[in-house]
Structure formats: C-alpha cells, structure tokens
There are 2 protein chains.
Amino acid sequence: MPSPAASSSATAPDPADATSGSATFSPLYRQIKGLITQRLGEGEWRPGEMIPSEMDLAARFKVSQGTVRKAIDELAAENLLVRRQGKGTFVATHHEPRAQFRFLRLVSDDGEIGHAESRFLECKRVRAPSELARQFEIKAGEALVMVRRLLLFDQRATVLDEIWLHGALFKGLTGERLADYKGPMYGLFESEFGVRMISATEKLRAVSADEESAGLLGVATGSALLSVERLSHTYGERPVEVRRGLYVTSHHYYENTLG
Amino acid sequence: MPSPAASSSATAPDPADATSGSATFSPLYRQIKGLITQRLGEGEWRPGEMIPSEMDLAARFKVSQGTVRKAIDELAAENLLVRRQGKGTFVATHHEPRAQFRFLRLVSDDGEIGHAESRFLECKRVRAPSELARQFEIKAGEALVMVRRLLLFDQRATVLDEIWLHGALFKGLTGERLADYKGPMYGLFESEFGVRMISATEKLRAVSADEESAGLLGVATGSALLSVERLSHTYGERPVEVRRGLYVTSHHYYENTLG
DNA sequence: TAGTGGTCTAGACCACACG
DNA sequence: GTGTGGTCTAGACCACTAC
C-alpha cells in the first residue's frame, strides 16, 4: 500500500499507484475510504461493532482527522457505516429494524406494518445454468444454492421468492436453518455466513401468474403480478445473490423515490 | 432572516430562531442551505445559470467558505445544483441529457436507447376531485390541468400516461404547446412555466389492462401492465404533479437500485 | 494569468453518551 | 469528566477552465 502521508517536500504528488496500468487518480480521502472498505470486507470490524475513532484512524493512516472524516462520510452515505454522535461509528447490520426496508420496498395500502411470516418451500444445491452463471460471474455448472419461499403479510400470501446464492459462500445452508432462524434472512446470511448484502439492482415487470405461482399465492391463474428480479452484491460489488420475486399488489405496492 | 454571523463574544449561540415555536435547531450550514434553496425557489438563479462563487456566497452570508461548501455539497447531492470544477456551480436543469433518466426508469431489454416519440391525446382543465385535491394539498374543486399522452419507443407504444398538474401554475398549457415542444416535458415545464421538478415518489403495482388502455397500447385486454403512480414536488416539497402511467414491460423493464 | 471548485490540514468549540 | 462524533473556521495548495 502506498503511504498516504504527504512528504514535507511539496513536489511530486506520488502518481505511482501500480494498480491498473495508467489513469484514474483518487484523492487521499478516497484511498482511506478504500482501506476502510477493504478492512470491512476482510471482517476486521464486524457488523454491529464499533470501528476505531476518527482520531485513531487518522493516526493509523497518518492523515488528518478531517480526511478520515470525509472517507467515513461517504461510507455512511452508502450505508456501510452508521455514525452515532457521542458513541462512535459502527458497522451497519441487517439486524437493525431500520435496515429491513432498504431491501423490501413493499408497503401495505393501509400503511400498517402488520404480521409477517415466512414459509420455506424448498432448499437445494444446483449447478448454475449459463444465464445465472453470467450474473454471478462464475462458470456454468458451478454450485449454487436455490431457495423457494412464500412471504405472508397478515396471513395473506403476498410474495413468492426464488433465490439463488453463491454456492461456495453458503455451504451449510439448509431449509431447516432458514426455517429456524428468527429475524430477517439477510441477518442470517450476515451472522451465519459472514456475507453482508450491500447493494442490489432490481428489474421490475408486470407478468401474468402461471398456474403454480397462482396456486401458491392464492390468486387466479393469469392475474397480474409484479415480477422483481434482483441482483445483490456484497463488499467490492461482488455478486452473491440473484432472486426473482412475484408480488401480489392488490393490497400492497412497491414504493420508490426519485430524486 | 437571522444573521448567521457569530458575534465575537463567545457566549450564547443565538437559539432565537422565531420560526416554529420550539424545537429543531439546525447547524449553520443547513441554514445557509435553506437560504440558497429559497433563492433557487424564488428564481434568483435560474436553471442552467451559474450561482455566485463559494467565496462570494461566504461573504454575502458572513460565514466561512467551508460552511458554504458544505451547504452546496448537500444541494449537489440532492441534484439541485451541479458543480463543475474550474467553471463554477450551476443550477440543475432538465435540459441536460443526464437529467432525463432520473425520472424515467424504463430501460429497454437490449440496452439501446432508440427512437422516442410522444403523442398527446388530450389536454383539458378539470376541477380537482377530492382524492387528487388531497395529494395536491388544495381544496376539492380547484383547477387542475389534465393531460393524456402515449409514449412510443422505436415505434412501439410503451407508456400511457395520465397527468394532472397544479392548475394555478400551468395556466396557459395547451395540447398544441405540448406537441410543438422539442425536448423533455419537464424541460418545457421548467422553461415555459418556471416550475422545476425536484423529486417524486412512485407507487408501483401490476394491473390488468382494461379495454381502452389495451387498445391504445396495442396489447390484449387483460394483459399485465405495470402501473406507476407518481407524485412530484418542486422546491420546498410542494406537490405540483400527479401522474399515472401504464407501462408495457414485454420489451422494457423498470430499473431500480437499492443501496 | 486569474478565477473556480477540490483537497488537505490544524485547531477550537459544541452536543451527546456513559460511567 | 472523558471520549465520541458534529460544526465552524482559516489558510495553503492542487486541478481545471477560460481568456
């Protein structure tokens, strides 16, 4: 790692970075941000834990506190870290209730939260077909875990999910473990498998329910359903999950904000 | 406006704000941000124009340049302003191509942009029914403008929009003006009516096409369509537009990112 | 060359949480 | 009281743009 500390002689901003050939310089605070992100990915500070104080980090990286602050500012804006005044800066976790709604944008018409229940239908290991392999950036035929589950809100079947997970990262995952776990699925992934979902992109379409889906969701065959195809990433933009959800939107809607 | 300049005597951080009774203090940079936003709303600096330099603003508001910078940072993050190194800071506008995709999240399956065409079907003044009045925060019966249009991508009818606009703000709007205008609709609103869309919330559902919509969109009655209900705001969170779009998602999808 | 935003630093003080 | 993040300031220098 190139020492971020500026030498006292004012010349030569040290363009030797040795990473990717030429181009793309980044300011000091972004390098610090990268170092922190790297440590987060390595698990040096785990979800829910406090990271060292800004002063500590500044001393460690040999930069000023303000530079560390700007790095942390961006990481907090990206929801990787959470600042708490008077207490410290913490690694974000899917166990805080606050984090749930970042990944489930379905809202009830009446605004109430209500009772939620998860029913696991299937959990098996499969070989990646080429289309999924492409999304996971692995070779076709490598191992994946496939999970199917039904989500009920207030006793009403609302979401039918088909989930594929990176096989190498989710070795011991079974339907039993999923069913026994109390709390959000991404909380389990984080606590039990050390895989934290950071970001995702979703593609939404309206589709007609086929017979099987309609049966499981308790709607008529051919009903309009919202199809949500998600690709999720962990630290460093590494794809680790693909899911395809079918949402019943007669009593719920998918909320999005443009800004 | 309360003078943000700190008196040299170090005591009393001047909690008298006289705005809303008690509670909610905001740091200096947020007050500056508010003052800038207010001027933007008043049209002192118009879309596309350059605002005064950070040094100018700092002198004007009697704060340090760093404080102005932090205010502008947030406004830039919210896409109200655009910074251009070496040139200045500019008021964001819907005329930059960059701004279009912030409000139309529909993407073609093949990733191409292609040819886009807008056909205006209807434009008339109506009295607000109570449901719309509630969303506009006006009284039922007040004037609205209603527009219906069809959006075609590569000659294929893809979006059927029904748009309601705040009547008082869009007095001279006619179907002819809409049809004659080259460029994005929000660009017209901004240039011709001085109303700039800042943010919006959308509610998405899957619905079945009724006979009329299906006819206009060239799909079978009962087909699954993506319904997108949008409430848009201008400066100061003031609601100025409601629209309901029906999207054909057989060759396009609605893209969203979670982070 | 002059003016703009962008980065980095250093120090002071404030607001909050906890023992 | 001590330690944390949060704010504000002031000054130096860099990078980019235009004239």
Between P of C:dC8 and CD of A:E74, the distance in whole Å: 11 Å
B:D154: partners by side chain to side chain contact (heavy atoms under 4.5 Å, CB included), with sequence neighbours left out: B:H115
Below 4.0 Å: OP1/OP2 of C:dT4 and any side-chain N or O of B:T89: no
Derivation and outcome, side chain to side chain contact (heavy atoms under 4.5 Å, CB included), residues A:V159 and A:L106: CA-CA 10 Å; A:V159 177; A:L106 211 54; 3.7 Å; yes
pair A:E229-A:Q135: side-chain heavy atoms closer than 4.5 Å: yes
Distance in angstrom units between A:F90 CZ and D:dT4 P, rounded: 11 Å
Aromatic centroids of B:H94 and B:F189 separated by under 6.0 Å: no
Rounded interatomic separation in angstrom, taking NZ from B:K33 and P from D:dC8: 13 Å
Candidates C:dT7, D:dT9, D:dT7 - which lies nearest the side chain of B:P27: D:dT7
Atom-pair distance (OH on B:Y29; P on D:dT9), nearest Å: 13 Å
Nucleotide C:dT7, atom P - distance to NZ of B:K70 in whole Å: 15 Å
Selected nucleotide, minimal atom distance to A:T67 side chain, candidates D:dA10, C:dT9, C:dT7: C:dT9
Parallel, tilted or perpendicular: rings of B:Y186 and B:F103 (30°, 60°): perpendicular
Centroid-centroid under 6.0 Å between A:F153 and A:H252 rings: yes
Atom pair distance, as rounded to whole Å: CG in B:D73 and P in C:dT4: 18 Å
Sorted by number, the residues of residues 42-57 of chain A with heavy-atom contact under 4.0 Å to DNA chain D: A:S53, A:E54
Expected output: side-chain B:E202 to main-chain A:T257 donor-acceptor under 3.5 Å: no
Atom pair distance, as rounded to whole Å: CD in A:Q65 and P in D:dT7: 12 Å
B:R69 vs C:dG5: side-chain N/O to OP1/OP2 distance below 4.0 Å: no
Distance-only donor-acceptor check, side chains A:D73 and A:Y29, under 3.5 Å: no
Steps toward salt bridge (charged side-chain N to carboxylate O under 4.0 Å, His left out) verdict (A:E54, A:R69): CA-CA 7 Å; A:E54 295 180 352; A:R69 165 158 279 267; 3.2 Å; yes
Separation of C:dT7 P from B:I72 CD1 (nearest whole Å): 14 Å
Interface residues of residues 75-87 of chain B with DNA chain D (non-hydrogen, below 4.0 angstrom): B:Q85, B:G86, B:K87
